[in-house]
Participant: 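Have a look at this one.
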Amino acid sequence: MTASGKVYALVDCNNFYVSCERVFNPALEGRPVVVLSNNDGCAVARSNEVKALGVPMGAPWFQLKDLAKQHGIVALSSNYTLYADMSNRVMTILRDFSPHVEVYSIDESFLCLDGLAGLWKSYDALGQAIRQRVRQWVGLPVCVGIAPSKTLSKLANHLAKKKPEFNGVCDLTTLTEAELCRYFSALDVGKVWGVGRQIAKRLSYLGIDTVQTLRDAEPKLMRQHFGVVMERTCNELRGLSCLSLEEVLPPKKQIVSSRSFGTMVTRPDELREAVSSYMARAAEKLRHERSICGAIHVFVQTNRFRQQDAQYHNGVTIPLTEATSDTRRMTAAALYGLRRIYRPGYSYKKAGVMLLDLIPETVRQASLFREPDERSEKVMQVLDGLNRDYGRNTLYLASCGIQQRWSMLAQNRSPRYTTRWDELPTAKA
DNA sequence: TCTGGGGTCCTAGGACCC
DNA sequence: TCTGGGGTCCTAGGACCC
């Protein structure tokens, strides 16, 4: 099935966060391990042992504590610094295998394999070589799915992970129609990329429950029922490539920074600290993107899970008179917004900022009312430089506060082994 | 006690214009 | 009694992804 002549590989790391932890702590091998979300809230990565216990993705940790005690589940706080660095190492290796790589998320990439068939005995051999090298050089297990469309390569990857007969690499281009039909008939339609819970339910009303029945559905009819996206998905399932590789990621359209608090926050000064801190982070990302923003959205909310508490959530968008990436001006706007939405008497659980109307800094429009501020750019360069070279929070605005009593929980975080000299792993003789 | 964070795309509906 | 039609733009909300 190579109707379009395209061939894509999807390389996906197995249980990525858990596998990263195991590289540096081999004692975790073979044990049930979860990595928790920010604030140690939910299980966002599960080892196979934990999946076998029936723990779903996103399960709240506090609900798992009994099960954890019973089976000795190890729970780790997330260590994004480590995961990001490990991810970069994997992606660097993948670029050796194909000149066309789309880094799709922290743990998966699409590779275009067009024209590479001649270099290898088979696509399967190429896939195995990728697995072997990533395992040897970075220590992480990956699986590879190969198919004539991105949507199919996702499914191929799923099969590579679940079906031992593929040994970690599933090349759909070598399967017969009958074999494809057999695998796809056994797969829930919800496994298809782009089919979530709601759409799966609606598909079910039409008698479409498996990947195979969606593949057999008429694309034009799917368009009438669900829109252009589903029509595309349907065509992709038939081996007609509709989604191309996006090698250069387009500039972001918005940047969000938000966190749940480690404790309930009632005092306005603590909310101000949190919003200032989140804004510092968002502004840093903005400058890294080489963009400036034209508006800022601030929001606060109480704990929606505590129905017995008085609930309040609100947000406000503050347009800026002039697009900027200066943390100080953005923080001032955010704190102004916060004053407008803050209501006393509530226990707040979360706050955040969103940067909107982003444009590249090169198209900055001169303001009618202000001279261009070159000093601002210099100050931000110094700020970013210090925080890059000496660690985050070396230099920050006083409004971010010092104690940060509200900051999130991370009670069991591993060292940043690969990015901090003072946290390098040590080898015992 | 304890329930994540950061994105994108599409669509429907309202405002507005001629 | 009778009350256009078509187009664009914007926004909010929903759905999806990892």
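Lettering follows sequence order; numbering is per chain, from 1.
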Participant: Whether A:R306 contacts B:dC2 is assessed here as follows: a side-chain N or O lying under 4.0 Å from the phosphate OP1 or OP2. Is that the case?
Facilitator: yes
Participant: Remember a base hit wins even if backbone is also touched, and classify A:V103 as base, sugar-phosphate or nothing at under 4.0 Å, heavy atoms.
Facilitator: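 Contact class for A:V103: none.
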Participant: Could you work out the separation of C:dC18 and B:dC2 based on their P atoms and round it to a whole Å?
Facilitator: 30 Å
Participant: Looking across every strand, which nucleic acid part, if any, lies under 4.0 Å from A:I199 by heavy atom: base, sugar-phosphate, or nothing?
Facilitator: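 The residue A:I199 makes sugar-phosphate contact but no base contact.
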Participant: Using purine N1 to pyrimidine N3 plus N6-O4 or O6-N4 for Watson-Crick, or N1-O2 and O6-N3 for G-U wobble, each under 3.5 Å, what pairs with B:dC17?
Facilitator: C:dG6
Participant: Indicate whether any N or O donor in one side chain lies under 3.5 Å from an N or O acceptor in the other, for A:Q212 and A:S185.
Facilitator: no
Participant: I need the CD-P distance between A:Q307 and B:dC2, as an integer number of Å.
Facilitator: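 To the nearest whole Å, that distance equals 13 Å.
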Participant: Taking atom types as modelled and ignoring hydrogens, do the side chains of A:D326 and A:S376 form a donor-acceptor contact shorter than 3.5 angstrom?
Facilitator: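 Per modelled atom types, A:D326 and A:S376 side chains form a pair under 3.5 Å.
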Participant: Without decimals, in angstroms, what is the distance between A:N314 CG and C:dA12 C1'?
Facilitator: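 Answer to the nearest Å: 15 Å.
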Participant: When all nucleic acid strands are considered with a 4.0 Å heavy-atom cut-off, which category describes A:D40: base, sugar-phosphate, or nothing?
Facilitator: nothing
Participant: Walk along nucleotides 4-11 of chain B from 5' to 3' and tag each nucleotide B, S or - by protein heavy-atom contact under 4.0 Å, base first, then sugar-phosphate.
Facilitator: SSSSBSSS
Participant: Go through the steps to decide whether A:S77 and A:N412 satisfy the test side-chain hydrogen bond (donor to acceptor under 3.5 Å, both in side chains), and finish with yes or no.
Facilitator: CA-CA 5 Å; A:S77 305; A:N412 194 15; over 6 Å; no
Participant: Below 4.0 angstrom, N of the basic side chain to O of the carboxylate: do A:R259 and A:E273 qualify?
Facilitator: no
Participant: Whole-Å distance between B:dT1 C1' and A:Q63 CD?
Facilitator: 13 Å
Participant: With respect to the side chain of A:W193, which nucleotide from C:dA15, B:dT3, C:dC18 is positioned closest?
Facilitator: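 It is C:dC18.
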Participant: Rounding to an integer number of Å, can you tell me how far A:M354 CE sits from C:dG13 P?
Facilitator: 12 Å
Participant: In terms of side-chain geometry, is the basic nitrogen of A:E361 or A:R287 positioned less than 4.0 Å from the acidic oxygen of its partner?
Facilitator: no
Participant: Tell me: CG of A:N157 to P of C:dC17, nearest whole Å?
Facilitator: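 After rounding, the gap between these two atoms is 15 Å.
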Participant: Is the number of heavy atoms from other residues, nucleotides or ligands under 6.0 Å of A:D66 CG greater than 12?
Facilitator: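 No, not enclosed.
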Participant: I want to verify a distance call: between B:dC2, C:dC18, C:dA15, whose nearest atom is closest to the A:E108 side chain?
Facilitator: C:dC18
Participant: Could you give the OH-to-C1' distance, from A:Y83 to C:dC18, as a whole number of Å?
Facilitator: 15 Å
Participant: From CD of A:Q198 over to P of C:dG13, roughly how many Å is that when rounded to an integer?
Facilitator: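 It works out to 17 Å between those atoms.
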Participant: Expressed as a whole number of angstroms, how long is the span from A:R197:CZ to C:dC16:P?
Facilitator: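 Those two atoms, CZ and P, are 8 Å apart.
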Participant: Under 30°, 30 to 60°, or over 60°: which ring-plane class applies to A:F261 and A:W406, parallel, tilted or perpendicular?
Facilitator: perpendicular
